[in-house]
Amino acid sequence: MSFVKGLKCRECGEAYELKPYHVCEYCFGPLEVEYDYDKISAAVDRKTIEARPPNLWRYRELLPVESEPRIGLYSGFTPLLKADRLAEVLGVSELYVKDDSVNHPTFSYKDRVVSVALTKAVEFGFETVACASTGNLANSVSAHAARAGLRCFIFIPDNLEQGKVVGSAIYNPVPVAISGNYDDVNRLCTEIADKYGWAFANINLRPFYTEGAKTYGFEVAEQLGWKLPQHIVVPTAGGTILPKVAKSFEELQRVGLVEQSGFKIYSAQAAGCAPVVNALHRGTDLIEPVKPHTIAKSIAIGNPADGYYVLGAVRDSGGWGESASDEEIVEAIKLLARTEGVFTEPAGGTTVAVTKKLIEQGRIPRDESIVISITGNGYKTLEAVRDSVPVTHDIAARLDEFDRLYERLEAGKTAGGDQASTIASPATGS
Ligand SMILES: *Cc1c(COP(=O)(O)O)cnc(C)c1O
Ligand SMILES: [Zn+2]
């Protein structure tokens, strides 16, 4: 049974069949999936969902699929950590980390959107899948395509971290690195999609791809005991995940899975690529494209396709946005690691740093529930922190060498020496 009515233009409302269309013929607006919410309300309740396997398809009535999903059966349902040690440093009472750094199989939130996009690609009968990516999407499309036996092309900028490049190539796609930034890659891919007719996860399958991002929000609510958080901070690159998390919260209320309650959503960007946050601060709807310059490469999109919808979702909720410098991002990666044992990439560092800022500014109150969205894994981007972590103490395999090292460390500890200062984060002073 399908709960999908079809596609609809987000701007002019024109209706379309459920086909691999993505732009409106009349106004060039983006298309979005339309559901029959009354039918969904009647068909699902909390118990039904809770009894299903722990993957993103447990919310299948609210996803645009018609067949039995065969891709992404192990993706999603990542941990929601209660982050008490980080909460103490930030001076707040109820803090959670939604941790997609351990999403299966490629350790980022992109495993959600790709699961839905490639399920649709198979339903539509495509044999070749592709994407324009800042790294994580390429990893995920490559891995899911390998498991599904689909031919795969990935297109990435030529300056990505080794972990991101090898982390795609290992799955044996055709990897293509473009000299230029993501916005150049995306422009080329739009032409390739038109000419070759392949399923580009984030271009011609975009209406389906973006729906997969809702599962991040569905899980947060379920894991909070079917309650919405009062505040959630989400990173923004192309602008997919943030409005879709907001949509997920609205849908859960609409179909009666959670009580009506307000939530505020906040956008986090790197200072070196903050077109959406700039527009929020200037109070305009006009997003001025920027040339990205930041270590947070996975969110370095200077001309975000759905930036406009991020502005809408943030403003409708009464939220806000902030940016973080590369230095603040590195400090925040270290802070999350040493307080909660979660190693995120610079996108996650951005979100933690921005959360800290919003709390300090009084934008997020200290006594309400807050979720920090961690969307990627730090093991892929060692370059970002390699030079700012404690160096190894190199010794021979002899007890007397270790004894001497230990004595030095103990002496250093009391004197506030080397060891202590490398590990403590100067940004938080704790
Ligand atoms: C893609 C990505 C995002 C967010 O991108 P949107 O296009 O705004 O959905 C955030 N974090 C990481 C690690 C990503 O790879
Ligand atoms: Zn239209």
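What you see is a predicted model, and the numbers here were worked out from it, not measured in a lab. Worth knowing before you read on, the calculation uses all heavy atoms, side chains too, and leaves out hydrogens, waters and symmetry mates. Both counts, for ligands and for their atoms, begin at 1 and track the order of listing.
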Using a 4.0 Å cut-off to any heavy atom of [X], which atoms of ligand 1 qualify?
| X | value |
| --- | --- |
| I299 | 3 (C), 10 (C), 11 (N) |
| G239 | 6 (P), 7 (O), 8 (O) |
| T236 | 8 (O) |
| S298 | 12 (C), 13 (C), 15 (O) |
| T375 | 10 (C), 11 (N), 12 (C), 13 (C) |

Would you tell me whether N139 and K380 have side-chain atoms, one donor and one acceptor, within less than 3.5 Å of each other? yes

Note, [X] side chain near [Y] side chain (heavy atom, < 4.5 Å):
| X | Y | result |
| --- | --- | --- |
| H144 | S75 | yes |
| V44 | I40 | yes |
| Y59 | E222 | yes |
| L95 | I372 | yes |
| Y379 | F107 | no |
| L336 | V97 | yes |
| N204 | H22 | yes |
| H281 | W320 | yes |

In the protein, what heavy atom is nearest to [atom], and what distance, to one decimal place, separates them?
| atom | result |
| --- | --- |
| atom 5 (O) of ligand 1 | A237 CB, 3.2 Å |
| atom 1 (C) of ligand 1 | K110 NZ, 1.3 Å |
| atom 4 (C) of ligand 1 | Y109 CE2, 3.7 Å |
| atom 7 (O) of ligand 1 | G238 N, 2.8 Å |

Polar proximity ligand 1 side, [X] side, N/O cut 3.5 Å exclusive:
| X | value |
| --- | --- |
| S108 | no |
| I301 | no |
| G376 | no |
| P235 | no |
| E345 | no |

To the nearest 10°, what's the angle at the Zn ion (ligand 2) between atoms SG (C24) and SG (C27)? 120°

SG (C9) to the Zn ion (ligand 2) to SG (C12) angle, given to the nearest 10 degrees: 110°

Does the Lys NZ or Arg CZ of R58 fall within the cation-pi geometry relative to F77 - under 6.0 Å from the ring centre and within 45° of the axis? yes

Do NZ/NE/NH1/NH2 and the carboxylate oxygens of R112 and D100 come within less than 4.0 Å? yes

Does only the side chain of T134 get under 4.0 Å from ligand 1, or the backbone, or both, or neither? Count heavy atoms. neither

